[in-house]
Amino acid sequence: MWVHDHGVYLMSSGLPRLEDPNRPGSSLVVYAHGWYPSTDGHRRDPDLGGDDFAEHLHLTDQPTPLITTLSTAAAAGYSWLHLTVRSDTYEVRISRIRRQS
């Protein structure tokens, strides 16, 4: 899941849950670059809106399952997932380097 509440991050909604070893009872999260609340503050973006949300990134949708794309990219040395957000849609890309904003 792509989540916006206290920061912006990815979190698995799978079962069993990926538990954060540093926060027992909490799910493991991966914060977006520049959106970690402790160091980056509480940022706002008009395309994310003012409300919190959780958007499911469907890993098995056809014709090209995202999970296949992610696995193939990781095996080839890609390590960055980019979400380009617009007011009515978002785009997912994989790259080897962090794109400068």
Minimum heavy-atom separation for [X] to [Y], with atom names?
X     : Y     : value
Ser79 : Arg96 : OG-O, 3.9 Å
Tyr31 : Pro37 : CE2-CD, 3.4 Å
Ser13 : Met1  : CB-CG, 3.9 Å

- request: Given side-chain contact (heavy atoms from CB on, under 4.5 Å), test Ile94 with Thr69 step by step and report yes or no.
  value: CA-CA 8 Å; Ile94 312 298; Thr69 301; 4.1 Å; yes
- prompt: What about Tyr36 and Leu28, same hydrophobic cluster or not, with Ile/Leu/Val/Met/Phe/Trp/Tyr joined at side-chain heavy-atom distances under 4.5 Å?
  reply: no
message: Side-chain heavy atoms nearer than 4.5 Å, only ILVMFWY residues, links allowed to pass through others: does that put Trp35 and Phe53 together?
response: yes
field: Listed partners of Tyr9 passing side-chain hydrogen bond (donor to acceptor under 3.5 Å, both in side chains), at least two apart
entry: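 In terms of side-chain hydrogen bond (donor to acceptor under 3.5 Å, both in side chains), with neighbours along the sequence ignored, Tyr9 is linked to Asp5.
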Please list, chain by chain and in numerical order, all residues satisfying side-chain contact (heavy atoms from CB on, under 4.5 Å) with [X], sequence neighbours excluded.
X     : value
Thr68 : Pro65, Thr72
Leu59 : Leu66, Ile67, Leu70
Ser27 : Met11, Arg17
Ala74 : none

query: Roughly how far apart are Leu57 CG and Tyr90 OH, rounded to 0.5 Å?
result: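 Here the interatomic distance stands at 4.5 Å.
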query: Atom CD1 in Ile97, atom NE2 in His82: separation rounded to 0.5 Å?
result: 7.5 Å
task: Among residues two or more places apart or on two chains, list those pairs meeting salt bridge (charged side-chain N to carboxylate O under 4.0 Å, His left out) that have a residue in residues 23-34.
output: Asp20-Arg23
